[in-house]
Amino acid sequence: MNQPYNPGPVASPNNLPRGRMDTEPEEEQAVGNVLDNDVAMKYWRQLQEYRFVDEKRQLLAETTRKQAMCIAEMFAEKLGLKAKWKTFEMFWNIKNLAQEKYDLQEKGLLPSRYKEMELIFSD
């Protein structure tokens, strides 16, 4: 009696937890460690108060990609991150943040609520 082949549940990008890409556990842990320290927590709290992120530090639906790019760039500068785009792209499960920066620079624009983001990261 032959049993049909059943590979079990198949993971797809849509089944991954929000804010995480299909990465190696070491990479996820490294991203979490970089963004989970006393300095970072100060900024996360302010980002939550200003309604850019939720309590899980994920972008709110009303936070635009351009705002996310600015937050990532300012945050990375404060934390001294070398891989700023990759870090936040992995954490928020979004891609091409560098392209957002390029687009804004080409148009000579700033994203909406830029002054609020500046205020959050000014110390």
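Sequence positions, counted from 1, serve as the residue numbers for this chain.
With rounding to the nearest 0.5 Å, the separation of CG in N37 from OH in Y43 is 10.5 Å. Going from atom CG of N93 over to atom NZ of K95 covers 8.0 Å, rounded to the nearest 0.5 Å. Residue E89 holds its CD atom at 4.5 Å from CG of L97, rounded to the nearest 0.5 Å. The distance from atom CG of L47 to atom CZ of R45, rounded to the nearest 0.5 Å, is 11.0 Å. Distance CD/Q46 to CD/E116: 12.0 Å, rounded to 0.5 Å. To the nearest 0.5 Å, atom CD of residue E73 and atom NZ of residue K101 are 3.0 Å apart.
Of all the heavy atoms in D123 and K78, the pair that sits closest is OD1-NZ, 2.8 Å. Nearest approach of C70 to M117, heavy atoms of both residues: CB-SD, 3.8 Å. Across all non-hydrogen atoms, the minimal contact from R57 to D36 is NH1-OD1, 3.7 Å. The two residues A40 and V34 come nearest to each other via the heavy atoms CB-O, 4.4 Å. In terms of heavy atoms, K84 sits closest to A72 at CB-O, 4.5 Å. A68 approaches W92 most closely through the heavy-atom pair O-CZ3, 3.6 Å.
Contact check for Q48 versus D54: no side-chain heavy atoms found under the 4.5 Å cut-off. Annotation: side chain of L79 is in contact with side chain of L35 (closest heavy-atom distance under 4.5 Å). Residues Y114 and M74 are in side-chain contact: their nearest non-hydrogen atoms beyond the backbone lie under 4.5 Å apart. With contacts defined as side-chain heavy-atom distances shorter than 4.5 Å, the pair L81/F75 does not qualify.
Judged by distance alone, with hydrogens and angles left aside, the side-chain atoms of Q58 form no donor-acceptor pair with the main-chain N or O of V53 at under 3.5 Å. One N or O on the side chain of T87 and one on the backbone of A83 form a donor-acceptor pair closer than 3.5 Å.
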I'd like to know whether L59 forms a side chain to side chain contact (heavy atoms under 4.5 Å, CB included) with I94, so could you lay out the CA-CA distance, the side-chain angles of the two residues, the decisive distance to 0.1 Å, and finally the verdict. CA-CA 10 Å; L59 299 170; I94 57 178; 4.1 Å; yes
E100 vs K66, test: salt bridge (charged side-chain N to carboxylate O under 4.0 Å, His left out). Steps then yes/no. CA-CA 6 Å; E100 296 295 338; K66 289 173 179 28; 2.8 Å; yes
I would like to know whether L119 and Y50 meet side chain to side chain contact (heavy atoms under 4.5 Å, CB included); could you show each step before the answer? CA-CA 10 Å; L119 185 61; Y50 279 86; 3.0 Å; yes
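Summarising the local packing, CD of E77 is surrounded by 12 or fewer heavy atoms from other residues, nucleotides or ligands at distances under 6.0 Å.
Residues F121 and W44 place their aromatic rings such that the two centres sit no closer than 6.0 Å.
A cation-pi contact, defined as under 6.0 Å to the ring centre and within 45° of the axis, links R113 to F52.
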